[in-house]
Amino acid sequence: MHSNHLLLEEPIRMASILEPSKSTFFPAMTKIVGTLGPKSRSVEVISGCLKAGMSVARFDFSWGDPEYHQQTLENLKAAVKTTKKLCAVMLDTVGPELQVVNKSGNPISLQADGFVILTPDQEQEASSEVLPINFDGLSESVKPGDTIFVGQYLFTGSETTSVWLEVSEVKGNDVVCITKNSATLAGSLFTLHASQIRIELPTLSDKDKEVISAWGVQNKIDFLSLSYTRHAEDVRHAREYLSKLGDLYQTQIFAKIENIEGLTHFDEILREADGIILSRGNLGIDLPPEKVFLFQKAALYKCNMAGKPAVVTRVVDSMTDNLRPTRAEATDVANAVLDGSDAILLGAETLRGLYPVETISIVGRICAEAEKVFNQDLYFKKTVKYVGEPMTHLESIASSAVRAAIKVKASVIICFTSSGRAARLIAKYRPTMPVLSVVIPRLKTNQLKWSFSGAFEARQSLIVRGLFPMLADPRHPAESTSATNESILKVALDHGKASGVIKSHDRVVVCQKVGDASVVKIIELED
Ligand SMILES: Nc1ncnc2c1ncn2[C@@H]1O[C@H](COP(=O)(O)OP(=O)(O)OP(=O)(O)O)[C@@H](O)[C@H]1O
Ligand SMILES: CC(=O)C(=O)O
Ligand SMILES: [K+]
Ligand SMILES: [Mg+2]
């Protein structure tokens, strides 16, 4: 995989672009988050998604009830068992999302240059004249001239199933809008986005709390995707809420940056969150189009330097109905990888798209190609410089492990970890080879019962570029004696060999503790 790395900054022989890529065990180092829904909830399709490279399943509570999502999750568990592919679970909140409910489900046609009224009176039927919304305060938040988009759940803002509105007049609680384009709104749920308008609703709604405390706790969710995070306080509040819900104190919070308010407070949000989702679906219509790329590059750089995973959304919308992405989309996926994203999040493409498995597969292949030309050397230097000196011991060990692995052309880095910290730090330096993170369970107690740590830590690495977890047998004592180190290493090597990432005569870099000392060692395999 890493033997014939090309660098974009050097002249590439054009013919080399055509050379077929060697197939590898891991479809890509970049991870794929798939949103599960009507077109991706059978055991069969989910198994296909896992085999194609999906490693995180997103359950979006903007849509569907807990029972529906539970059935999907049970199918996911069955698929994980049969495919033996690990998958983490992400719960995505509704937050202050504005929605139009179309009870009848009949398509609604809107004509360009016509008028439509947005009303909080939800007793009214949705029609070409009136769209009832789930929020009382819109009339107080907008003024004539403001821009509003309404469209089918997960709309792009450019297709014929979404409409661009301009506020013409505010009449009591109603907002009268001019329609800028003709559109047919399809489906029973439309989302509404008021550009650059603050919506006075809590980031974690009462309904979200209900879902998290029931569905979330029952299913020990690995990630909370906090929709419309606007301030660091939103993350702190969610964290405090999770901390009181049993196992969910371990759930990682991914702040979704979906509007300009979140963008403005990005630095402080990043400090509080475990990871960031660049929600380009909403942000892409909140920002002027010419600014979207700049936010992406700046945000990914900051996440990379902080060593926190970053997820990019809305990459191949056109694959919802087509087997091939557009040229622009294909290029965009590669650029997201080159810009530093850890994972790509698929929404409509897997949820209601016709080709969920093919989409995952194509996105994975594009990511893998981009990874090959990623300028690791430059990135490594940039990161070391950013961290400065003196480095913490662990950071110095982690960066050295990556350096050594590249110098000796190791096929993998094996990292022992309990908290997952050491493995994440290694991934931060973006090694060109996979990192097998061997998570060693620790016995812990909450004063009521004893249990082992490790499951959350292992699954949470499924969203980090280059990290591939393996949960060690809890019967291994967590103390790092040389005997246990040796036996766990043997299991990890066997696992690597069985999965095809490690072959005879390969070099492997191992990062572990021997007694009190953290060490990086290079081993050369025999056969
Ligand atoms: N059980 C283990 N056996 C051997 N080495 C380990 C073990 N756990 C962690 N290490 C090594 O210890 C060093 C510290 O890593 P890390 O911070 O991930 O450890 P941890 O045990 O998860 O956390 P903590 O230091 O907070 O207890 C790294 O070099 C890591 O590879
Ligand atoms: C995923 C999502 O919410 C967005 O892209 O806006
Ligand atoms: K959502
Ligand atoms: Mg969104």
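Read the numbers this way: they start at 1 and go in the same order the structure lists the ligands and their atoms.
The side-chain tip of R403 points at the ring of F380 from less than 6.0 angstrom away and within 45° of straight on. Taking the ring axis of F416 as reference, the NZ or CZ atom of K513 does not stay both within 45° of it and closer than 6.0 Å to the ring centre.
The side chain of N485, and not its backbone, has at least one atom closer than 4.0 Å to an atom of ligand 1 (non-hydrogen atoms only; side chain from C-beta on). If you look at T417 next to ligand 1, the close heavy atoms, those under 4.0 Å, come from the backbone and the side chain alike. Using a 4.0 Å cut-off between heavy atoms, R442 contacts ligand 1 through its side chain alone, with no backbone atom that close. Contacts between L394 and ligand 1 below 4.0 angstrom, taking non-hydrogen atoms only, involve the side chain exclusively.
Take the N/O/S atoms of E258: the one nearest the Mg ion (ligand 4) is OE1.
Remark: ligand 1 and F416 share an N or O pair separated by less than 3.5 Å (distance only, no angle test). Checked against a 3.5 angstrom limit, the closest N/O atoms of C511 and ligand 1 fall inside it. For ligand 1, the polar-atom distance check finds an N/O of A422 within less than 3.5 Å of one of the ligand's N/O atoms.
Between the side chains of E457 and T417, not a single donor N or O lies within less than 3.5 Å of an accepting N or O.
Atoms of ligand 1 lying under 4.0 Å from at least one heavy atom of S419, given by number and element, are 17 (O), 18 (O), 20 (P), 22 (O), 23 (O). Those atoms of ligand 1 that come under 4.0 Å of a heavy atom in S518, given as number and element, are 13 (C), 29 (O).
No salt bridge links R230 with E258; every basic N to acidic carboxylate O contact stays at or beyond 4.0 Å. A salt bridge is absent between D267 and R271: the closest approach of a Lys/Arg side-chain nitrogen to an acidic carboxylate oxygen does not fall below 4.0 angstrom. Under a 4.0 Å N-O distance rule, the pair E486/K521 qualifies as a salt bridge. The pair D317-R280 fails the salt-bridge criterion, with no side-chain N (NZ, NE, NH1 or NH2) lying under 4.0 Å from an Asp/Glu carboxylate O. For the pair D92 and K256, the salt-bridge criterion is met [side-chain N within less than 4.0 Å of a carboxylate O]. Between R239 and D274, at least one side-chain nitrogen of the basic residue sits less than 4.0 Å from a carboxylate oxygen of the acidic one, meeting the salt-bridge criterion.
Seen from the K ion (ligand 3), atom O of T93 and atom OD1 of D92 lie 70° apart in angle, a value rounded to 10°. The angle subtended at the K ion (ligand 3) by OG of S62 and OD1 of D60 is 70°, given to the nearest 10°.
Ligand 1 is never approached by E457 to a heavy-atom distance shorter than 4.0 Å.
Among the backbone and side-chain atoms of Y228, no N/O/S atom is found under 2.8 Å from the Mg ion (ligand 4).
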